[in-house]
Structures are given as structure tokens and as C-alpha cells.
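The structure under discussion appears below in the form of C-alpha cells.
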Amino acid sequence: MAANRRSRCAPSLFRLLALHPGPGITGPAIAATAGPGRSRSDRVLDILRDAHLVHEPAPGRFALHEVLRMYALEPAETTDGWTVREARRRLIQYYAHTAHAAAGR
């Protein structure tokens, strides 16, 4: 049952990955973008990696090919706007929190 749930989450996570503006995104940033209750994003990433939809150019850093990003953004931009806004807000909050913690060191 859990494997089936993860495979159903894969398309959503694929679309959320496309929202990241940079060339790559870390696992913790992906989990933050996915939001609460989706702490198993690492297992969903395995599904996306096995399907060759995402690759790992460096350990812990994930990327989409630009053509796949464009494909994934189309449904992401046309789905419930609130979901997209919330995912972007969570990603920005994650980076703001990470920058604040780094500045404190």
C-alpha cells in the first residue's frame, strides 16, 4: 500500500521540482517544497530517478533536464494556483531559514 502511495506522489513531486528556479535542488529543499506529511520524498525521488525523470549530478543534489522542466512546469502552472503558491512559499521559507542559520555561524 505504501509503495502505491509513493508512486501516486511521484507526479506531484515531479511538478514541484520544476518550480525550483536553479539548475539543481537538494533533498532537504525538495522535502520543504513538498510540505508537511511528505517526509518520504527520498523514496519518491528514487521512483523518479528510476524512471529517468530526475538525475543526481552530485550526491544529494537533484536536477531535471530542461525539456523535462518545461514539460513539468506546464501542469504545475495550470493546477490549483494555491498549491503552486504554497510550494513556492515553503521553498522560499526553507532558503530564508537556511540563510539565517548560516549567517548565525
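For the numbers below, each heavy atom of this structure counts, side chains included, while hydrogens, waters and symmetry mates do not.
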Q. Of the non-hydrogen atoms in L13 and A34, which two are nearest, and what is the gap between them?
A. CD1-CB, 4.2 Å

(Q) Considering only residues two or more places apart or on different chains, which pairs with a residue in residues 95-105 satisfy side-chain hydrogen bond (donor to acceptor under 3.5 Å, both in side chains)? (A) H20-Y95

**Q.** Qualifying residues under side chain to side chain donor-acceptor pair (under 3.5 Å), relative to R89, sequence neighbours excluded
**A.** E86, Q93

Q. Roughly how far, to the nearest 0.5 Å, is the CZ atom of R90 from the CG atom of L19?
A. 10.0 Å

(Q) Suppose the criterion is salt bridge (Lys or Arg N to Asp or Glu O under 4.0 Å): which pairs have a residue in residues 19-35, not counting sequence neighbours? (A) none

Q | Closest non-hydrogen atom pair, L16 against A87 | A | CD2-CB, 3.4 Å

Q. Passes side-chain contact (heavy atoms from CB on, under 4.5 Å), L68 versus F14? Steps please.
A. CA-CA 9 Å; L68 290 174; F14 176 65; 4.2 Å; yes

Let me have the donor-acceptor pairs involving side chains of residues 44-62, under 3.5 Å, with sequence neighbours excluded, atom names and distances please.
residue : atom : partner : partner atom : Å
D46     : OD1  : R49     : NH2          : 2.2
R49     : NH1  : E56     : OE1          : 2.6
H55     : ND1  : A63     : O            : 3.3
E56     : OE2  : G60     : N            : 2.8
R61     : NH2  : G24     : O            : 3.2

(Q) Quick check: closest heavy atoms across L73 and A18, and the distance to 0.1 Å? (A) CD2-O, 3.5 Å

Q) Listed by chain and number, what are the side-chain contact (heavy atoms from CB on, under 4.5 Å) partners of P28, not counting sequence neighbours? A) T26, Y94

